[in-house]
Amino acid sequence: MISLWAIIKLTCRASIRSHIFHLLLFVLLLTILILPNTVLGDGTASGFIQVSLKYCLGVVGFILSLSTIWVGCFVLSNDLETYQIHMVFTKPISRIKVWVGKWLGVVLIHAILLLVASGIVYGFIRLQFSWKNFSKEERTRIENEVLVGRRVYLPDLPDIEAKVKSEFQKRVAYLKTVQAENFQNLTNSEKKTMLRELRKQIVALLGEVKPGQSGSRYWDFKGLNKNIKTPIYFRYRMYVGKISSKDQREVDGMWSVRILVPEEDVKGRKPDEEVPTKEIFVAKSQYPEKQMCGVFHEIALMPAVIDKDGTATIVFTNFDRENKPVYFQAADGPKLLINAGSFLENYLRAVFMIFLKLLFLAGLACAAGGLLSMPMAVFVVFSYLFIGICASYIINIETEFGEDDELSQYEAWHETAARIVSHSILWGIIPMQKFEVSDAVANGELIEFSFMGRTIFNFFILRGVPIFLLGMLLYRRRELGLIIRK
Amino acid sequence: MSFIRKIFMPVAVFLLITVIFAVVTNYVQRRINAIKVSEKLTDTDPVDNAPPIVAFTTVALGSFRGIVADLLWLRTIALQDKGQYFEMVQLASWITKLQPRFTGATAYLAWNMAYNISVTFSSPEDRWRWVRRGIELIRDEALNYNPADPVLYKELGWIYQHKVGNIMDDANLYYKNQMAIELMEAFGGLEPEWEYLMAMPDNEEQFKKHFNEKAPVWKALKDSEINSLDALEKEFRSNGRLPVKFTEKLKDPAEIKFVESYLRKRLLKAKFKLDPAKVVQINNKYGKLDWRLPEAHAIYWATLGIEHQTTPEPDVSCERMISQSLADAFKAGRLLVFDKNNFKSLMLAPNFNILDAVKKEFEDVYERQKSKSFVAARENFMVDAIVNLYTFGKYKKAEEYLLVLRKDFPGNPRYLKNIDEFVLKEWIEDAKDGSMKQVMGLIDGMLYQSMNFLAFGDADIAAGFEKRAHAIYLYYEQSQSGSLKRVGLKPYMEIKMSIIQNCLTNFPKPVSDSLRASLEEQKVLNREDNTILKEK
């Protein structure tokens, strides 16, 4: 243990001697001093706090990631290239312990920096909130929507994927039988485009709300806390005409919530006595309201919308003047956001996620640094991260339309290759954007323990640890006599 | 001796060489910079007026700032696609700071905020916030770094003319109302005395030249414990007026007016970038404009755009902006009513002060640009002017303009009619292809306007509007005589009385009382109608 601690201390000292580390430290210092003072926001108080929070935290995470990669590669490769490690290995210490010590050293110094930088950012946000001349309404809004940890609830939806698949197969069968001749005349690329479009249409139809009272759409949110006293927020986005951010316009519509009221006169009954209830729907406004499509909206609701079973039902009726249907994407929810934790708690969770990212990056950099020369190690680490981003981007494009065997049979060979390669890569590579949580913190969304647990298990344990073990193994087996001093 | 020889001399020689090199390098670098600028070898020449953060960024990041700006740009597009806008202003501001010379990008970002993002919001307050951000990005940031770029002036003028001034946006009345309120706060009333403001000092140095050390203003500052002119200015900007404790000490109304006007001039220059000297120059050229309205500002920025052009011929789009804005300002360039709490009650009237100037401007622009579009635009303007003049009771001037048209377009049967026939025909044109519902709306609108003017004591204009409503009514009834049972209108008096009742009910109480008094005075109501008034 003493030897491990000695390695950690030596690593911290070596880090502090690195010029690049100095530079990044300087940039970090500038960032946390200058960035908050250049923030404008969008002209609203909540926008100002959101932008400050998002960018300050995001930039701190980014600079510390760069620094971690650099220092991680530096501390191991530099010791090898300067033959200092040969001196260390004359002592009774295993190479594994050296590797782990270096890794923990890099993590420790960056964890301290992260703690200081995130502390300053937190202080800045709190100070801005206290000092700025925000109105009472703006303060309440910030407290309820930004400086808070709101749990996200999604509606109880049917298995959309299964529904889409079955509907899709029905339509494809129709195409192949009734319109077989037309379909066969198409090229593979045209067939694929057509099927993709068909799939997209089916997905859109599942979220469609037709105009008129009879087309009203109901969303049930289950498993909600019945005892909350704070307002709850309903976030939604709808599209008119097509699911695209372009060519959207205002639509008239009406939101209602289900409320349970006593069926009969309750006078004379005991307070704890069960009263038969009936459900009524209360509209948000007396007349249909104009609502812009293509952007997110939030409506504040009273906690009374949650019934005794912990269910809230929200209804939308489309009164579009042009009689066009509107669409709700499953990815957008709609969502219910309910206060479930303090801002500090949520902020600490976000900081932990950044720490987790640094932990992984330090391990990755050490694995590369123990095996390769400094520039090569840095190059390999950046390539790894870049490939992770590209692979998830390619897979995102694919999954936007859903994966389906029917579609894949019309793929060109290079598309198939790209898909298979991307999938294979993602088995071993961690897309770093999965650790990104500054958006959630800025929107006041609680970073759930379940999400943190999944991230740790899926990315850190299943993919990170094998890389570290491989790095340690190769470092242990590396022939140090072959290293040529520069 | 050995210390001098071993340490001091080498250090001295080293320092001397360093200084020589520094001086020479400085000289050479200056020349290189000058050549780079004069020969247009770079588009990233040093930015003037840049705040420290911009100066630092441009120097520290060097050419890499282009890459950072590109990344921010990509993020802007991605966020827009996702419909997430709260970062947009921030990103636009950073892009402008990173690439202060790339005015095309700034103009696009400003246009995007004012046009695309604003309409994604339903509430007029949110929309106005985005339109204002677009204006501010050009006016307060980009123009600060590029004061000589005509493109920016043109783009800024366009937002005022088209986005705020035009009626395409559902929230345009809110924009106009808010703009007028903000400007009136800066003016300290309906309109400042522009000539007086123009004569005010521009800065503290000039102010001190006007008030010597023994002037009472300094004593008043000290006695009121404000201590400095800066502190006074700060307080003035936060409250919109001079502190009472200061005015009580200063006492002299002339000096109070001077100090207030000095601070107001500086406020207008700092916040709205309005130079009173330029305002006076524009007012002298075109006639007195209402500077609370967007058209005046569009003219202001387009004028500056032309002044900053490097080409000998004035830019046609700036010229077009001026002529179109002047025509708009003639039609609705006088703010009659605004209401902080109800923007829909905003009421505009024609600005007859600029009538001849608009006509002349169209003629002058045609001479300069030789574009036929200006001839057509002038003709349309003249027709509108005649109708407006007639509606507002200026029959002689309307006739004079009709004669001009008759002379300019000899043989055109449209202009050979007498003034009454001509105007009646134009009025009828409005109702020609309208359905019953549209014609009804037109008549209601005219009568509503008539009641508005009557309430504000302008009986002649009120009569003009009513005459127009009646003419449209008669024309419609005549043209639909075969199918009156199906698409006929209610009797004219019935329509009029329902509008009167509506106005008396919905106008704010003082306006409603004024209308009631005017109606009673004019005795336009018969006994039955008076019953309605009494019931109210």
Side-chain angles (χ1 to χ4, degrees), chain A residues 23 26-27 30 33-56 58-59 62 133 137 145-146 235-239 243-253 288-298 329 331-332 393 438-439 442-443, chain B residues 51-57 60-61 64 68 71-72 74-98 112-114 116-137 140-141 169-171 178 238:
Chain A
L23 178 74
F26 175 68
V27 174
L30 274 184
L33 292 178
I34 291 176
L35 192 67
N37 296 306
T38 61
V39 167
L40 289 174
D42 64 350
T44 62
S46 56
F48 174 79
I49 295 290
Q50 278 180 302
V51 172
S52 304
L53 194 54
K54 184 172 179 177
Y55 278 92
C56 292
V59 172
F62 177 72
N133 194 21
E137 291 78 33
E145 296 177 26
V146 185
R235 182 184 290 170
Y236 66 95
R237 173 165 67 171
M238 58 186 169
Y239 296 93
I243 299 181
S244 160
S245 58
K246 291 190 178 72
D247 305 324
Q248 293 298 312
R249 59 176 170 82
E250 284 179 324
V251 160
D252 289 308
E289 288 177 297
K290 277 190 187 304
Q291 302 174 51
M292 190 66 206
C293 293
V295 287
F296 282 101
H297 301 272
E298 268 194 30
Q329 278 195 124
D332 295 334
Y393 174 71
S438 54
D439 258 333
N443 285 328
Chain B
I53 185 75
V54 177
F56 174 79
T57 318
L61 285 176
F64 287 104
V68 179
L71 291 173
L72 294 179
L74 289 173
R75 181 163 179 76
T76 308
I77 294 166
L79 288 176
Q80 188 151 353
D81 282 346
K82 285 185 199 165
Q84 294 174 355
Y85 300 117
F86 74 85
E87 291 172 48
M88 289 301 223
V89 178
Q90 189 63 69
L91 291 169
S93 172
W94 279 338
I95 292 169
T96 309
K97 284 185 171 81
L98 284 165
N112 192 34
M113 287 195 276
N116 293 343
I117 300 180
S118 68
V119 296
T120 62
F121 292 86
S122 299
S123 81
E125 293 86 349
D126 284 331
R127 285 191 175 194
W128 174 233
R129 185 158 48 80
W130 284 100
V131 173
R132 216 167 50 178
R133 289 285 164 269
I135 290 173
E136 284 167 359
L137 185 69
D140 302 346
E141 288 208 50
D169 193 319
D170 290 347
Q178 282 304 114
S238 65

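Numbered from 1 within each chain, the chains take letters A, B, ... in sequence-line order. The basis for the numbers below is simple: all heavy atoms, side chains too, and nothing from hydrogens, waters or symmetry mates.
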Over all atoms of both residues, closest heavy-atom pair of A/A442 and A/V146: O-CG1, 3.6 Å
- prompt: Where does B/D170 contact chain A at under 4.5 Å (heavy atoms): side chain, backbone, both or neither?
  reply: side chain
query: Measuring from B/N112:CG to B/R133:CZ, what's the distance to the nearest 0.5 Å?
result: 15.0 Å
field: Heavy-atom pair count under 4.5 Å with chain B, highest-scoring of A/K54, A/R249, A/E289, A/K290
entry: A/K54
- request: Could you tell me whether the side chain of B/S93 and the main chain of B/V89 form a donor-acceptor pair under 3.5 Å?
  value: no
statement: Whatever's closer than 4.5 Å to a heavy atom in chain B on A/F48 counts as neither
message: I'd like to know if the side chain of A/Q291 reaches the main chain of A/G253, judged simply by a donor and an acceptor atom lying under 3.5 Å from each other, with no hydrogens or angles considered.
response: yes
Residue A/E250 versus chain B: region with a heavy atom under 4.5 Å: side chain
- request: Select one option (side chain, backbone, both, neither) describing which atoms of A/N133 are under 4.5 Å from chain B's heavy atoms.
  value: neither
Exam field: side chain A/H297 to backbone A/M292, donor-acceptor pair closer than 3.5 Å: yes
